[in-house]
Amino acid sequence: MSPRKLSKAKESESEVKAEGETASDSESRADPAPPPTSADDTPEVLNRALSNLSSRWKNWWVRGILTLAMIAFFFIIIYLGPMVLMMIVMCVQIKCFQEIITIGYNVYHSYDLPWFRTLSWYFLLCVNYFFYGETVTDYFFTLVQREEPLRILSKYHRFISFTLYLTGFCMFVLSLVKKHYRLQFYMFGWTHVTLLIVVTQSHLVIHNLFEGMIWFIVPISCVICNDIMAYMFGFFFGRTPLIKLSPKKTWEGFIGGFFATVVFGLLLSYVMSGYRCFVCPVEYSNDTNSFTVDCEPSDLFRLQEYTIPGVVQSALGWKTVQMYPFQIHSIALSTFASLIGPFGGFFASGFKRAFKIKDFANTIPGHGGIMDRFDCQYLMATFVNVYIASFIRGPNPSKLIQQFLTLRPDQQLHIFNTLKSHLTDKGMLTAYSEDE
Amino acid sequence: MLELRHRGGCPGPGGAVAPPPREGEAAGGDHETESTSDKETDIDDRYGDLDSRTDSDLPEIPPASDRTPEILKKALSGLSSRWKNWWIRGILTLTMISLFFLIIYMGSFMLMLLVLGIQVKCFHEIITIGYRVYRSYDLPWFRTLSWYFLLCVNYFFYGETVADYFATFVQREEQLQFLIRYHRFISFALYLAGFCMFVLSLVKKHYRLQFYMFAWTHVTLLITVTQSHLVIQNLFEGMIWFLVPISSVICNDITAYLFGFFLGRTPLIKLSPKKTWEGFIGGFFSTVVFGFIAAYVLSKYQYFVCPVEYRSDVNSFVTECEPSELFQLRSYTLPLFLQAVLRRETVSLYPFQIHSIALSSFASLIGPFGGFFASGFKRAFKIKDFANTIPGHGGIMDRFDCQYLMATFVHVYITSFIRGPNPSRVLQQLLVLQPEQQLNIYKTLKTHLIEKGILQPTLKV
């Protein structure tokens, strides 16, 4: 293409303005002739080790090694426990936010308006404070009640968060500069949409985590598995293109990935349901002052006999099979991961084409930015959270008690009496058990 | 509405568009609009041009047609143009205020419908501005998708509200039970359908445009729909929590204008050159006084003060209750210096009036920032008014821009300082738990109530 385009490409900081046709999607496919990257972050070690291979295989190897490195990293973090996982989620969230905001700056050439950076990070802080406060209040109820400053912070939490947000809002209004109104409003909108996408999702991930690490690990692994499987199936069998937006995706990859992911989900949940540390809700215990995952596993995680339908019986030669009920749920999760999850990837592809960037950033060599790895996870976290709230658990009992204690006495009495008649109707409560 | 004029020349055969030198451009370097002969990138680049140019390059949208009714025009034809404008504004103001009173008289249900109607109209106005800015009116999917998302979000919020407040009504109907229990899942599925439709509707040449409209829709939803639902939640708390904040904002608008008109001298903020410090401060004091008096007047009536409840026997909304302590007269000892001035030792006030001071202060100090935000928005996109719905005043958004933050503030204020959680919601959640959990909670509650002396230990039920 014209030299002017190439020179333009070199000017941008962390992104590449590719041609519209060759902008690749987030799926891991090696380009025969990759467009010039502005900064190659591959470590020197790898570069030297692979220096004699051809460019195409080198790219493959870099991607492969980094994939294994990321998966190993994932396992280590799981081993280290929920607290570290929470921090990792937080860091991933901040990095994703930074990547998207940087794209916004580059699109609008607004990097030099200093207020934006401050305000964007300030809003990120506010929203995180709000969400973490809600989480802490829910799950660390006993800890919060003990410490007086924490109790006050938690009681007026919404008001404090709102005040902080308002301050940011007023600062924004006061920072409006005459020639740059439109730009500033765009960045304001951009920041808010990014917050909506990135921060809410990450907090839903943490909520899922608190439900039990299995609710965190199985969905994420299903999405990763679907990525890899769809790629493999597409590579070996791919023929019919799937969607114009990502020309390298194929129907064969899509369907093959779907079945492979469902099977993988079943196997993985079978393996994980056996261990308490994955299955129990994360709790904060007062005595040890740390997180514990110790409990009596709920019905979901106890083996049950299922009668196989007649059709499959003759095929497998078994009458019944022992499964965890959770595995049935895992089918729903894997199905979502393989059918709807890719839409998150298409969304990100469309976004990158719209703003003419090849990758979100260059953080991971061979893979692009953090967002590139997490784009299919967008909707997964929300889905899991909604799924849990709708089908698995009810409300949090300790939170209910906490809410109950703040009601007025007559309201408390009314609720108590209603509960009593309800329990009596159900036969859970008989007259004699009143005396304790 | 007239479309924005086409700016920038069409790319010639060589393909290079050379925009005029721009001042205040933040980053130097080549612009995306230059050097393209690729047809596909052309259209996107023009929008890139639109993004990064400074505001001065955009032409102003000429004022749209005048919607003043013929009657008014004839009646005022004799006056000069300036006074005519004044009269139109005045008459419309009075009309709006009477309409407000009428709706209040008709009750909470009508108020809810009114809030819903205003929300839909505000959404429509802002979306229309987006269409005009991005000249995307012809891409038919957007209109469908925007309204679909509005429907989804409204469904989600109304479902949450209905479940909370109409617990008895809901328990009766079987289908409603199902909808309520899986409400979040259903709402999420609806939203997902819209999201997937959006992804499938991405058209090669219009990616950026479509993403912009997607974001525009979502930010608009965030602003208008969430605020309107917080308004309705406040309404259910008691109509006084709806009336006093809104009237405080309106009063602040009017009194700040009057003070500024008669005494205004020092400009307040560059963004709105007609606002003055005198108007701001004068408006603050008058609004506090007004809020104080309005709270006193309204606190007497059960109709305004009681939470709105749905009674299944009467099958309608009822506002009848024992007013809480907030709305019962109490004697307050005046601080000494006021005692000397007023020559009284104590004064009878409703505690709510103290809260009304907080509400009025917010309305007059922070509320205007919502107005400045809207002014900045209008300047950024070179529009004079959001729409032309109300003659002399502009669109619905123009009237409600200062109310943005007020509804959220009132809601946060109520949840933090006034009431605890909603009892029927707590009950509903209790009933959803597992029986063992219910039993545990029952025992905990019983111990607690006996300790507090609310429940007498009984031997037999």
Side-chain angles (χ1 to χ4, degrees), chain A residues 2 4-5 8 11 20 107-113 156 158-159 162 166 169-170 173 176 179-182 185-186 189 192-193 196 245 340 343 346-347 350-351 353-355 382 386 389-390 394-395 397 400-401 403-404 406-407 409 411-413 415-416 418-419 422-423 426 428 431 434-435, chain B residues 24-27 29-30 35 38 40-41 51-52 54-56 182 184-185 188 192 195-196 199 202 207-208 211 215 218-219 222 271 366 369 372-373 376-377 379-381 405 408 412 415-416 420-421 423 426-427 429-433 435 437-439 441-442 444-445 449 454-455 459-461:
Chain A
S2 63
R4 272 172 98 185
K5 264 227 159 41
K8 234 179 18 178
E11 267 180 321
V107 168
Y108 293 112
H109 302 270
S110 64
Y111 205 75
D112 292 339
L113 282 156
Y156 299 109
R158 285 199 177 177
F159 191 74
F162 184 63
L166 264 192
F169 183 83
C170 296
V173 172
L176 288 172
K179 289 201 197 338
H180 302 288
Y181 289 148
R182 179 177 289 220
F185 273 94
Y186 280 156
H192 278 70
V193 176
L196 196 72
L245 200 48
I340 310 290
F343 277 91
F346 300 150
F347 187 83
F351 182 83
R353 281 169 189 270
F355 295 101
T382 320
V386 171
S390 304
L400 276 182
I401 294 187
Q403 286 185 327
F404 182 85
T406 59
L407 287 173
Q411 293 169 321
Q412 290 182 354
L413 205 56
I415 290 183
F416 177 76
T418 317
L419 185 64
H422 175 82
L423 284 175
K426 286 221 164 199
M428 301 278 310
E434 288 281 346
D435 310 325
Chain B
E25 191 63 35
D30 286 331
S35 77
D38 190 359
E40 178 207 298
T41 54
D51 299 333
S52 321
T54 58
D55 303 336
S56 50
Y182 299 110
R184 285 201 177 177
F185 193 74
F188 183 63
L192 264 192
F195 183 85
C196 295
V199 172
L202 289 173
Y207 289 148
R208 184 181 286 217
F211 272 94
H218 279 69
V219 177
L222 197 71
L271 201 48
I366 310 291
F369 277 90
F372 301 148
F373 186 84
F377 182 83
R379 280 168 192 271
F381 296 102
L405 306 165
T408 321
V412 170
T415 47
S416 302
V426 175
L427 185 60
Q429 289 185 317
L430 271 177
L431 295 175
V432 169
L433 287 175
Q437 290 171 315
Q438 287 180 345
L439 203 56
I441 291 186
Y442 174 77
T444 319
L445 295 186
L449 286 177
I454 299 171
L455 192 65
L459 292 173
K460 283 269 197 249
V461 176

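Residue numbers start from 1 in every chain, and the chains themselves are labelled A, B, ... in the order their sequence lines are given, proteins ahead of strands. As a basis for the values below, the full set of heavy atoms in this structure was taken, side chains included, without hydrogen atoms, waters or symmetry mates.
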Per-residue contact mode, A/Phe347 against chain B (heavy atom under 4.5 angstrom):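 Contact with chain B is through both the backbone and side chain of A/Phe347.
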Contact origin within A/Phe162 toward chain B - heavy atom pairs under 4.5 Å: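 For A/Phe162, the contact with chain B is made by the side chain alone.
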Shortest non-hydrogen separation from B/Phe211 to A/Ala354 and the atoms involved: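 Minimum heavy-atom contact is CD1-CB, 3.8 Å.
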Heavy-atom pair with the smallest gap, counting every atom of B/Arg184 and A/Ser390: CB-OG, 4.3 Å
Which of B/Val219, B/Leu405, B/Leu202 touches chain A most, by non-hydrogen pairs under 4.5 Å: B/Leu405
Contact leader toward chain B among A/Leu196, A/Val173, A/Thr382, where contacts are heavy-atom pairs under 4.5 Å: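 Result: the option with the highest number of such pairs is A/Val173.
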Ring pair (Phe, Tyr, Trp, His ring centres under 6.0 Å) assessment of A/Phe343 paired with A/Phe346: CA-CA 5 Å; A/Phe343 277 91; A/Phe346 300 150; 5.8 Å; yes
Sub-4.5 Å side-chain heavy-atom contact between A/Phe351 and B/Tyr207: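 The answer is no, as the side chains (C-beta and beyond) never meet within the 4.5 Å cut-off.
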